[in-house]
Number of protein chains: 2
Amino acid sequence: MNLKQLSELLGLSQTTVSRALNGYPEVNEATRERVLQAVKETGYRPNKAAQRLATGKAGSIGLVMPTAPGHQSDVHFGEFLAGLGEEAVRHDFHFVIMPADPDDEVAALRRLAISGNVDALFVAYMRGHDPRLAMLKSLSMPYVVHGRSYGSEPDYPYLDIDNEGAFYDATRLLLQLGHTRFALMNGPMHLDFAIRRKNGVLSALAERGLTLEEGCTSHALMTDEQGLLAMEHFLQLPERPTAILCSSTVLALGAIRAVNQAGLRLGEDISLIAHDDVLPLLKPESFSVPLTTTRSSLRAAGLRIAQRLIGTVKHAGPFPDQELWKTELIVRASTGPVPQS
Amino acid sequence: MNLKQLSELLGLSQTTVSRALNGYPEVNEATRERVLQAVKETGYRPNKAAQRLATGKAGSIGLVMPTAPGHQSDVHFGEFLAGLGEEAVRHDFHFVIMPADPDDEVAALRRLAISGNVDALFVAYMRGHDPRLAMLKSLSMPYVVHGRSYGSEPDYPYLDIDNEGAFYDATRLLLQLGHTRFALMNGPMHLDFAIRRKNGVLSALAERGLTLEEGCTSHALMTDEQGLLAMEHFLQLPERPTAILCSSTVLALGAIRAVNQAGLRLGEDISLIAHDDVLPLLKPESFSVPLTTTRSSLRAAGLRIAQRLIGTVKHAGPFPDQELWKTELIVRASTGPVPQS
DNA sequence: AGTGGCATCCAAAGCGCTTTCAATTATGTA
DNA sequence: TACATAATTGAAAGCGCTTTGGATGCCACT
C-alpha cells in the first residue's frame, strides 16, 4: 500500500493525502479525518526512503562504533548509547551505527554523513588535534562532539566534562592528605580526555613543586587487564607511589586486584581516586573498599547530546553550542593519609 | 555532486556511469576506468536514500534496543553489538537501532521493519511464547532470532546456546560433589533462556530425587545488585543452600559480595557456577576466587548472526536455519565438595 | 454585477538512483 | 559482401514521497 493507492482509494490526490498526514493546515478537517481513518484501516505506512529522498530528512542520528576483530568492546560505548537511546525514543528517532576500524574513523564518518542516512552526527573518542573536526565543519550537517580536541580551536559544538578540573581537584585532595609520590593511570595518550587529565594532575602537583616521576604515568586502553599491568608496574618501582589517579573505574578494577595481590591495603598503603562514568556494572561504592571518585554520568551526557542533536534537526533550538560539565569529587574509603614509612 | 552531474562531466549517460560503478559487465573497461577516476577526483558518493528507493535494499540490519528512563543499560547488549559490528564492517553494512520501551517491542519491531530502513532484522531478548514470532513470519523480511521461544513451534531461524544442557551439566557437577541443597539465581522469568536453564537444573536434580526448594529460585534483572539481594536472601534461609547456579557473571558479582559480607568462603562453604557470556569486564578467572562457569561467547554469537543475516540479504547463502551451540563447562575454584556440617 | 479573499484541492515537477528496452557500433561468419 | 552476433551505450520509465504553483468554488463587500 503506497500513497498513490491510498489516495485513489479515497478519491483524493496524493497531495491532499500527504498534507493531511503531515499536519498541514490547508486541508479540511473532515477530509483529514477520512484520511486518518483510512490509514488506520489499511495500515498504510509511508516509505521512509522515499520520504527521505523527497525531504532530505532521515529522522536519525549517526555515529561511528569503533570495532575490529580482537578490538575489545567498550563498556563506555554501550552506556553512552543507552543515554542517546533514552532521548531518541521520545522523538521517534533512531541511530545509524557505522562500525569502523578505529584507524578509519575520518573516512567512516564521512561515509556516514554523505550516505544521506542521517540528519546529524555524534562524534566521540576525540583526539588531540582531531582531524575529524575540519571534515565536520565542511559538512553542513549538525553534529555534536562528545569531549573536545586539545590543540584545536574550540569553535565547534561540544559537550565535555571538566577533565582537567576533575583531576586537579582529585590531586589536590591527595596532596592535602600528605601524598607526594603520585602515579597516573590514564587512557590512550592520543585521546583528548587523557591529555587534559594529565594536565590537571601536573598543574596541581606543580603548585607544590612536584611532578609525575619517570615511569609513573601509564597510557593504555581502559580495560581491567591494563589496569592490573599498570599497577603491577607502579608497585615495583623503587620509589613506589602512594597516590594513584585512575582514568576509569574499569582500570581501577584491575589496579585494585594488583594491590590486593601485592598484599597492600587500599586506602592505607595506597590511595586511589578513579574517574567514575557511572557504569551500572562498576559502582564505586560496591568495591570491597569503596572508591573515592570524580563522577560524571556518561549516560546523562548521551542523553543531553541526543537532546541537542534532535532539537537542532527539528529546529527546536537554540541550544548552547558548548557545554562543560563539572564533575563531583566524592570521597570514600580508597583515599587516606599518606602512610608513615 | 550527483549522478547526473557526474555523467555530464564525463560526457556519458547516467546509465553507463551507474553500471560502471556497480560492476556490471557490459561496460567497456576503459570507460569504467575513466568513471572510477572521476569519482576519485570529485569525491562523488551515491545518495543512499535514492539508491534504496530504487533498489529496495538498504545495506543495513535493524535491531531494537530496549531502553527507558531508569532502565539500566545492559552490558550484554553492548557486547553482542560488538560482535554484529565486527562482521558488518566487513560488508559495509550498518545498523539501524530503534530504541524502544521494553513493553513496546512488538510494535517497535514492526515499525522498524516497515520503515524501509533495513534489509533484515535481528531479534533478541526472546520470551516464552514470544508474540514477535508471528509478526516476523508475516513480514517477508529476513531475520534471525537470538535465542528461542519456549512454547512456540521451532520453525523460525535462530541461533541459540544449549541453555538447558549447560545448566544440566553444571548441576550434575555439583551433585557429584555431594551437594544437595541448590539455589538458582536466574534472569527474568519470562525470558526463554531463564526457562530453559531452570529446566536444566530441575531435570538434573530430579534424577537424584531432588528439587529446588521453596525460596531457592530467584528471577530478576541480571544486575549485580539483584545478585547481591538474591544471595542475601538465600543465605538467610533456614536450610541454607550450598550450591548456587547463576545465570550471569554479572549476577555472580553481586552474589559473591554477599557471600563475602556474610563471612563465608566461596568454593568451600558455598559453591557457585555462573554462566559466562565472555564479557570483557567480567572475566571469571579474574575473580578473587576464580569462577567455575558454563561458557559461550555472546560476541561470537553476534558475529555469527550478522554473518547469516548479511549473507541472506546478499544471497550468499544458504545458511543453516537453526543453530544450537553447546556451552563449555569450565571448572575453576568456586566449586568444591559439599562442606561437612 | 464585479472584485478580492479564503478555504480546499490537484497536477505535475522534482529528489537521485536503477533498470528495461532500444539503438548504435564493432566483430565475426558464410 | 551481406548478415547475424556481440559489445557498448543511452533514453526514459519508474521507485514513493513532498511541494510548488496553480485551479476551483464560495463568500462577503462595494
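Below, read A as the first sequence line, B as the second, and so on, with proteins coming before strands; counting in each chain starts at 1. Since we're looking at a predicted model, the values are computed, not measured. Excluded from the calculations below are hydrogen atoms, water molecules and symmetry mates; all remaining heavy atoms, backbone and side chain alike, are included.
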Check residues 46-54 of chain A and write down every donor-acceptor pair under 3.5 Å in which the side-chain atom is one partner and the other belongs to a residue at least two apart or another chain.
from: A:Asn47; atom 1: OD1; to: A:Ala49; atom 2: N; distance (Å): 2.7
from: A:Asn47; atom 1: OD1; to: A:Ala50; atom 2: N; distance (Å): 2.9
from: A:Arg52; atom 1: NH1; to: A:Asn117; atom 2: OD1; distance (Å): 3.0
from: A:Arg52; atom 1: NH2; to: B:Asn117; atom 2: OD1; distance (Å): 2.9

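Regarding A:Glu8, its CD atom lies at a distance of 17 Å from the C1' atom of C:dC9, rounded to whole Å. Following rounding to the nearest Å, A:Asn28 (CG) and C:dC10 (C1') show an atom-to-atom distance of 15 Å.
Partners of B:Asp103 by side chain to side chain donor-acceptor pair (under 3.5 Å), not counting sequence neighbours: none found. With sequence neighbours left out, the ring-ring contact (aromatic ring centres under 6.0 Å, His included) criterion links A:Phe122 to A:Phe80. Checked against side chain to side chain donor-acceptor pair (under 3.5 Å), A:Gln307 has the following partners two or more places apart in sequence or in another chain: A:Arg304. In this view, A:Glu153 satisfies the side chain to side chain donor-acceptor pair (under 3.5 Å) rule with no residue, not counting sequence neighbours. Scored by the ring-ring contact (aromatic ring centres under 6.0 Å, His included) test, B:Tyr125 finds no partners at all (sequence neighbours excluded). With sequence neighbours excluded, the residues forming a side chain to side chain donor-acceptor pair (under 3.5 Å) with A:Ser149 are A:Ser152, listed by chain and number.
Counting only residues at least two apart or in different chains, salt bridge (charged side-chain N to carboxylate O under 4.0 Å, His left out) contacts with residues 112-131 of chain A comprise A:Glu105-A:Arg127, A:Asp130-A:Arg132. Applying the ring-ring contact (aromatic ring centres under 6.0 Å, His included) test to residues at least two apart or on different chains, none of the pairs has a partner in residues 19-64 of chain B.
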One character per nucleotide, please: for nucleotides 14-22 of chain C, 5' to 3', B when the base has a protein heavy atom closer than 4.0 Å, S when only the sugar-phosphate does, - otherwise. BBBBBBB--

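For A:Gln37 and A:Glu41, the side-chain atoms include at least one donor-acceptor pair closer than 3.5 Å.
A heavy atom lying under 4.0 Å from DNA chain D marks the following residues of residues 30-40 of chain B, by number: B:Thr31.
Summary for the helix from C:dA1-D:dT30 to C:dA30-D:dT1: the axes at its two ends, each from 5 pairs, differ by 50° when rounded to the nearest 10 degrees.
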